[in-house]
Chemist: 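Please read through the structure below; I'll follow up with questions.
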Protein chains: 2
Amino acid sequence: MTSDIFDFCSSMTDEQDGRARELIERAAAKWPLRILHVLSDADAPLRFSRLMERVEGISQKVLTQTLRTLERDGLVIRTLYPQVPPRVEYELTPLGRDLLMQVVSLWRWIVEHLDDFDACKAVKLTATADA
Amino acid sequence: MTSDIFDFCSSMTDEQDGRARELIERAAAKWPLRILHVLSDADAPLRFSRLMERVEGISQKVLTQTLRTLERDGLVIRTLYPQVPPRVEYELTPLGRDLLMQVVSLWRWIVEHLDDFDACKAVKLTATADA
DNA sequence: CAGAATCCTAAGAGATACTG
DNA sequence: CAGTATCTCTTAGGATTCTG
């Protein structure tokens, strides 16, 4: 069994498990990873409008929402320069950068195994009857 | 910069990127990880009704849908024994097991850093004005 | 037993218009 | 410029009923 791999699951409180699960769900949603990636690719903090351009297909509303969530989760920093017109810059936190690296290694593993995901299409769909 | 970490991103086709993204999105949704985990904990294939019991809170419809998706993605195997009444068993594929292990290591990293996610709550919200 | 079919609600996402 | 507010529409998901 691979149960040994999951030993740490038992050593985890329900609260820890729940919070980690929430973080994964939120981070793996449609937009967050793209945003984190764009921020990580930039060599400087990005303004809201630059993000809109580079995260292709996102709406202004959803970008705002997603950035707020990422900020609450401690993954991005929002810096408001109180000018007229206003200027706001977004950048990754160290934690956001670290999390992205973890996710990227998972990503890489998946890409390296894409063929396997395909190969499994020809599996048994029925079996001969026996109790 | 951490760009070196992401070198493989450039070496990836858009199609690979898209498919990996889809797989991550689907796997990180509300139920799939729970189901994979339950299947991995069991020491034998599980019937549909056993899954319903152990994946707490899931509805029959969503369990069916999610299992179909996991099957299409090559993560679980569905075996139908054509009896009356019917008997269907689900189990992880080797690929499903491997993917789960990858996700678990990400999970573990997050749990180990939960305090950091909290610590980031006290960040600067505004900055003094300067060009 | 394992699920398909149906109905329903609520959240998420897009488009548009407006504002400090 | 960087949002907020509002509206609509699609979709995910739950509850229930029915069947091979």
Side-chain angles (χ1 to χ4, degrees), chain A residues 21-22 24-35 38-39 42 44-73 76-91 124-127 129-131, chain B residues 21-22 24-35 38-39 42 44-73 76-91 124-127 129-131:
Chain A
R21 186 182 304 274
E22 284 175 24
I24 286 189
E25 265 185 48
R26 282 203 295 271
K30 191 176 181 185
W31 299 109
L33 286 181
R34 292 194 102 88
I35 295 175
V38 165
L39 286 176
L46 287 181
R47 305 184 62 157
F48 187 86
S49 39
R50 301 299 133 246
L51 273 170
M52 274 291 281
E53 291 164 8
R54 301 193 192 186
V55 182
E56 202 161 354
I58 200 170
S59 70
Q60 175 269 338
K61 180 179 123 189
V62 174
L63 178 56
T64 302
Q65 285 175 351
T66 310
L67 283 171
R68 294 283 184 276
T69 302
L70 292 173
E71 195 190 352
R72 272 201 309 278
D73 284 341
V76 308
I77 293 176
R78 175 181 185 271
T79 308
L80 163 66
Y81 298 90
Q83 308 169 345
V84 181
R87 175 168 143 234
V88 177
E89 288 185 348
Y90 294 91
E91 63 190 310
K124 61 175 172 181
L125 291 174
T126 60
D130 69 300
Chain B
R21 188 182 304 275
E22 283 174 24
I24 286 189
E25 263 184 49
R26 283 203 294 273
K30 192 175 180 186
W31 298 109
L33 286 180
R34 294 194 100 89
I35 294 176
V38 164
L39 286 176
L46 286 181
R47 306 186 62 159
F48 187 87
S49 39
R50 300 299 131 247
L51 274 170
M52 275 289 283
E53 293 165 7
R54 301 192 192 185
V55 182
E56 203 161 354
I58 201 170
S59 70
Q60 174 265 327
K61 180 179 127 188
V62 174
L63 178 56
T64 303
Q65 285 176 350
T66 309
L67 283 170
R68 292 285 184 275
T69 302
L70 292 172
E71 194 189 355
R72 273 201 310 277
D73 285 341
V76 309
I77 293 175
R78 174 181 186 272
T79 307
L80 163 66
Y81 297 90
Q83 309 169 345
V84 179
R87 175 168 143 232
V88 178
E89 288 185 347
Y90 295 91
E91 63 190 308
K124 60 176 172 181
L125 290 176
T126 61
D130 70 300

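None of the values given here were measured: they were computed from a predicted structure.
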Chemist: Report the nucleotide, chosen from D:dT4, C:dA2, C:dG14, that has the shortest atom-to-atom distance to any side-chain atom of A:T64.
Modeler: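 That would be D:dT4.
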Chemist: Under 4.0 Å from OP1 or OP2 of D:dA12: is there any side-chain N or O of B:R26 that close?
Modeler: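 Result: no.
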Chemist: Let's see if you can work this out: which of C:dG14, D:dC1, C:dG3 has an atom nearest to the side-chain heavy atoms of A:K30?
Modeler: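 Closest nucleotide among those given: C:dG14.
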Chemist: Does a side-chain N or O of B:R47 approach OP1 or OP2 of C:dC1 to a distance below 4.0 Å, or not?
Modeler: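 Answer no for this pair, as no side-chain N or O of B:R47 is under 4.0 Å from OP1 or OP2.
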Chemist: Check the phosphate of C:dG3 against B:R68, side-chain N and O only, distance under 4.0 Å to OP1 or OP2. Yes or no?
Modeler: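 Result: yes.
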Chemist: Where the side chain of B:K61 is defined as all heavy atoms beyond and including C-beta, which of D:dG14, D:dG3, C:dA4 is the nearest nucleotide?
Modeler: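 The listed nucleotide nearest to B:K61's side chain is D:dG14.
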Chemist: Can you measure B:R50 atom CZ to C:dG3 atom P for me and round it to whole angstrom units?
Modeler: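 The distance from CZ of B:R50 to P of C:dG3 comes to 13 Å, rounded to the nearest Å.
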Chemist: Would you compute the distance between atom CG of B:L51 and atom OG1 of B:T64 and round it to the nearest 0.5 angstrom?
Modeler: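 Atom-to-atom, B:L51:CG and B:T64:OG1 are 10.0 Å apart.
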Chemist: Nearest nucleotide by nearest heavy atom, which residue falls closer to the 5' end of DNA chain C, A:S59 or B:Y90?
Modeler: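 Result: B:Y90.
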Chemist: Quickly work out the B:L46 CG to C:dC1 P distance and round it to whole Å.
Modeler: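 Taking atom P of C:dC1 as the reference, CG of B:L46 is at 15 Å.
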Chemist: What I'd like to find out is whether the side chain of A:I35 reaches to under 4.5 Å of the side chain of A:I58, using heavy atoms alone.
Modeler: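 A side-chain contact under 4.5 Å exists here.
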Chemist: Do B:R68 and B:Q65 come close enough that some side-chain heavy atom pair is under 4.5 Å?
Modeler: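 Side chain of B:R68 against side chain of B:Q65, heavy atoms only: no contact under 4.5 Å found.
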Chemist: Expressed in angstrom and rounded to an integer, what is the separation of B:R34 atom CZ from D:dG13 atom P?
Modeler: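 So the CZ-P distance, B:R34 to D:dG13, works out to 14 Å.
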Chemist: Can you measure B:R78 atom CZ to C:dG3 atom C1' for me and round it to whole angstrom units?
Modeler: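 Checked: the CZ to C1' distance equals 9 Å.
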Chemist: Whole Å only: how far is the OH atom of B:Y81 from the C1' atom of C:dC1?
Modeler: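 Result: 15 Å.
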Chemist: Starting at atom CZ of B:F48, determine the distance to atom C1' of C:dA4, rounded to an integer number of angstrom.
Modeler: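 Whole-Å distance recorded here is 11 Å.
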Chemist: Let's test your reading of the model: under 3.5 Å, does the base of C:dA13 pair with the side chain of A:Q60 as donor and acceptor?
Modeler: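 Flag unset: no donor-acceptor pair detected.
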Chemist: First locate atom OG of A:S49, then atom CZ of A:R87, and finally report the distance between them rounded to the nearest 0.5 Å.
Modeler: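 Between A:S49 OG and A:R87 CZ, I get 11.0 Å after rounding to 0.5 Å.
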Chemist: In whole angstroms, how far is the P atom of C:dA2 from the CD atom of B:Q83?
Modeler: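 Whole-Å distance recorded here is 10 Å.
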Chemist: Roughly how many Å is it from CD in A:Q65 to C1' in D:dA5, rounded to a whole number?
Modeler: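 From A:Q65 CD to D:dA5 C1': 12 Å.
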Chemist: Thinking salt bridges, do B:R26 and B:E22 make one under a 4.0 Å N-O criterion?
Modeler: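 Looking at B:R26 and B:E22, the cut-off is met.
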